[in-house]
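Notes follow once the structure below has been shown.
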Amino acid sequence: MLKQKIKIYEIIKDGTKHGIKIAKQTDKQSYIQYKDLDRRLDEWIDNDQIDWNNFIEVDQVEEDLIDQDPRLVEQIQFQHFEIDTWYYSPYPTGKYLYICKYCLKYIYNTNTYYGHQAICRLPLPGKPVYINKNIQINEIDGKIDKLFCQNLSLLGKLFIQHKTIYFDIEPFLFYILIVKGKNGREIVGYFSKEKFSPEGYNLSCIVVFPPYQKKGYGSLLIEFSYELCRVQQTIGGPERPLSDFGIVGYHSYWKSVLLNLFAENPNIELTLDECATVTCIKQEDILCTLNLLGFLNQWKGLMLW
């Protein structure tokens, strides 16, 4: 079976040449996807910026079939921030959205939004499972609070490329991270997980909204997902593929946990199975981390540590 060919054009961005493919096109503009940059940098550009005679044809790969649609929503107002979106989410057409900070309903009209905000005081769904000073995590059942979880998933998809669900949310639990401050309660991020995962996934997707990133909230959500494993006496790990931020976050967490384990047991030889049991981290993720730390050596085709 012959593979389908796609055309790769060349464009200069910030002084550097990049290969691009055309996802959508109008008479005046094209929505381009960079082949060597993150998908959140995809954008509309004028057609006259593209040299249509300069291209190469390559085989289409599976990645080319993911998120072909351009970002319909370019910016949202959520809580007290205006946030530029990163990826496509299947909202109805509209470049600017208002998101209710209570029920997460999406609204296009300014007057309708402020009218809704004046009367909407939806209490936090779910039940608190973690409280520490001004930080709280609520567990929400997708089957019980279906509309809220659908709206949460649509919102999250604006900031994550892979692995999100929109409508079939009943098999999932959602853990939303809330911070209470001078602006009242704020939802800063969440993760979802299957209620029953044969593969042992303790997390399906994780999102920290852009205004709250680089403040340790992602690490807290990752750590909490493993605390759930500890309570349930299971070993788990995240569903793949991981985003670029997910890779950084998990590698940092795994390194920290394993280094602390070794520091607390300096004179004890720990097996891989014992490490997994104590940390609740899957063996393959432990091996990956040991390799990143330079603790693995290859001998006659075997990895030793």
Pairing residues for [X] by the salt bridge (Lys or Arg N to Asp or Glu O under 4.0 Å) criterion, not counting sequence neighbours:
X      : result
Lys180 : none
Asp48  : none
Glu274 : none
Lys215 : none

Can you find a pair of side-chain heavy atoms, one from [X] and one from [Y], that are under 4.5 Å apart?
X      : Y      : answer
Phe191 : Phe224 : yes
Cys288 : His251 : yes
Leu155 : Tyr106 : no
Pro125 : Ile144 : no

From Phe159, Phe209, Tyr102, residue fulfilling ring-ring contact (aromatic ring centres under 6.0 Å, His included) relative to Phe78: Phe209

Asn109 side chain vs Thr112 backbone, donor-acceptor pair below 3.5 Å: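 At least one qualifying donor-acceptor pair exists.
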
Greater than 12 external heavy atoms within 6.0 Å of Lys95's NZ: no

Check: Tyr212 ring centroid to Phe81 ring centroid under 6.0 Å: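 Judged by ring-centre distance (under 6.0 Å), Tyr212 and Phe81 do meet the cut-off.
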
Tyr226/Tyr253 aromatic ring centres below 6.0 Å: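 Yes - the distance between ring centres of Tyr226 and Tyr253 falls below the 6.0 Å cut-off.
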
Closest approach of Ile222 to Gly249 (non-hydrogen atoms, all atoms of both residues):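 Scanning both residues completely, I find the closest heavy atoms to be CD1-C, 3.7 Å.
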
Nearest heavy atoms of Gly156 and Val207, plus distance in Å: O-CG2, 4.0 Å

Candidates Asn138, Asn132, Asn134 - the one meeting side-chain contact (heavy atoms from CB on, under 4.5 Å) with Gln136: Asn138

Sequence neighbours excluded, every pair satisfying salt bridge (Lys or Arg N to Asp or Glu O under 4.0 Å) that has a member inside residues 223-233: Glu227-Arg230

ILVMFWY cluster membership beyond Ile107 - transitive side-chain contacts under 4.5 angstrom: Tyr96, Tyr98, Tyr113, Tyr114

